[in-house]
Amino acid sequence: MDAEEHFATLAAVWDEHAEAMDAAMGEHGWAARAALAAAPGERVIDVGCGAGLSAVALGADGWVAAVDVAAEMVAAAARRMSAAGVHGVAVTADAGTADLVEVAGAGVPFDAVHARFGLMFFDDPESALRNIFRALRPGGRLAASVWQQLLDNLWMVLTTATAMPILGAQRPPLPEPGQPGPFSMADPDATTALLTGAGFVDVAIRPVDAPFLFEGDGRAAAERVLSAGPLGPAFLAADAITRREAVAGVVAALDQYRSPTGYLVPAASWCVTARRP
Ligand SMILES: C[S@@+](CC[C@H](N)C(=O)[O-])C[C@H]1O[C@@H](n2cnc3c(N)ncnc32)[C@H](O)[C@@H]1O
């Protein structure tokens, strides 16, 4: 299953749970937006926009082009943007290969690129990052969140490792480092080389270490992470009893992270910033 098919399959889940997932991921969800610090009136392209939460925030006092390869995600983003009265467009396109200035910018290069966990799924990351670089005007900025390595993201390790045998998944759905997938940009040196090779300068990579919150008794959050994550297609295809068993297994595995507000599970991302000279 390629990235487009994978995310198209999960788009309804991402749409339904967008606000809850946003609350659960805390600083990981807004670090890149804060680093970008878009000025009023700037034109921003949100790469891999998903269900559109970050596009709504970015477009609050500017203009945003929300781009995603999965049409189902773009439909959700367009609906959220329209409901919020955001100025901009929502466009279905492969950000790695499409002429972004033409398809999303009406011929005018962008002031800034934002991506919240949207840059890690390209088959050819070198060429994709060069393509994204070309969407910026000279002096334009990039800010992106990408996950640190899998083992620093116990919210993902524990949910996936616990649920996999219960769901009968044959092999870990998480790809090797360097291959397209949530952890493909986990190595900061490789990411710096990738961005520099694409033409970017002033590459800076800052760690964001903030827990991922599985609120309340943890069950709703466990169900969301299982539905929206790498095991999503297997979880959504399972029967109700198996799904309940997987959720209960995950909550038990998280027990050591229980707190009065819910389960605070270690999570780590990088906030990557760079500039087109
Ligand atoms: C992990 S999700 C993040 C979604 C959203 N930014 C968020 O934080 O909620 C990754 C998104 O990138 C999109 N994506 C993957 N490959 C893409 C590509 N080549 N071009 C554009 N979008 C892509 C997926 O469809 C998916 O919506």
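The chain is numbered in sequence order, starting from 1. All values below come from the heavy atoms of this structure, side chains included, with hydrogens, waters and symmetry mates left out. Here the structure is a predicted model, which means the values were calculated and not measured. In each ligand, atom 1 is the first atom listed, and ligand 1 is the first ligand listed.
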Quiz item: Is there a heavy atom in C49 that sits closer than 4.0 Å to ligand 1?
Solution: yes

Quiz prompt | Exceeds 12 heavy-atom contacts within 6.0 angstrom, atom CZ of R219 | solution = no

Quiz prompt | Interfacing atoms of ligand 1 (cut-off 4.0 Å, heavy-atom, G50) | solution = 4 (C), 5 (C), 27 (O)

Quiz prompt | Test of proximity, S54 against ligand 1: N or O pairs below 3.5 Å | solution = no

Quiz item: Got the closest protein heavy atom to atom 19 (N) of ligand 1, with its distance?
Solution: D94 OD1, 2.9 Å

Quiz prompt | F110 side, atom CZ; R141 side, atom CZ - distance, nearest 0.5 Å | solution = 13.5 Å

Exercise. Verify salt bridge (Lys or Arg N to Asp or Glu O under 4.0 Å) between D15 and R80, making sure each step is shown before the conclusion.
Key: CA-CA 10 Å; D15 186 13; R80 273 199 176 76; 2.9 Å; yes

Exercise. Would you mind checking which non-hydrogen protein atom is closest to atom 1 (C) of ligand 1, with the distance to 0.1 Å?
Key: F117 O, 3.3 Å

Quiz item: Can we say D111 and R137 salt-bridge, meaning some charged N sits less than 4.0 Å from an Asp/Glu carboxylate O?
Solution: yes

Practice problem: Counting heavy atoms only, name the option from D68, V69, V47 that's nearest to atom 18 (C) of ligand 1. | Solution: V69

Quiz item: So which protein heavy atom does atom 15 (C) of ligand 1 come closest to, and at what separation?
Solution: F121 CB, 3.7 Å

Exercise. Please state whether the rings of W14 and F7 are parallel, tilted or perpendicular, taking 30° and 60° as the class boundaries.
Key: perpendicular

Quiz item: Hey, is A93 one of the residues with a heavy atom under 4.0 angstrom from ligand 1?
Solution: yes

Quiz item: Which ligand 1 atoms does F122 reach within 4.0 Å, using its non-hydrogen atoms?
Solution: 18 (C), 19 (N)

Quiz item: Would one find an N or O of R116, backbone or side chain, under 3.5 Å from an N or O of ligand 1?
Solution: yes

Quiz item: Can you tell me the protein heavy atom closest to atom 5 (C) of ligand 1 and the distance?
Solution: G48 O, 3.4 Å

Quiz item: What are the two closest heavy atoms between F117 and V146, and how far apart are they?
Solution: CE2-C, 3.7 Å

Exercise. Verify ring pair (Phe, Tyr, Trp, His ring centres under 6.0 Å) between F214 and Y257, making sure each step is shown before the conclusion.
Key: CA-CA 9 Å; F214 287 61; Y257 300 111; 9.4 Å; no

Quiz item: If we only count N/O pairs under 3.5 Å, is A95 in contact with ligand 1?
Solution: yes

Quiz item: Below 4.0 angstrom, N of the basic side chain to O of the carboxylate: do D46 and R116 qualify?
Solution: no

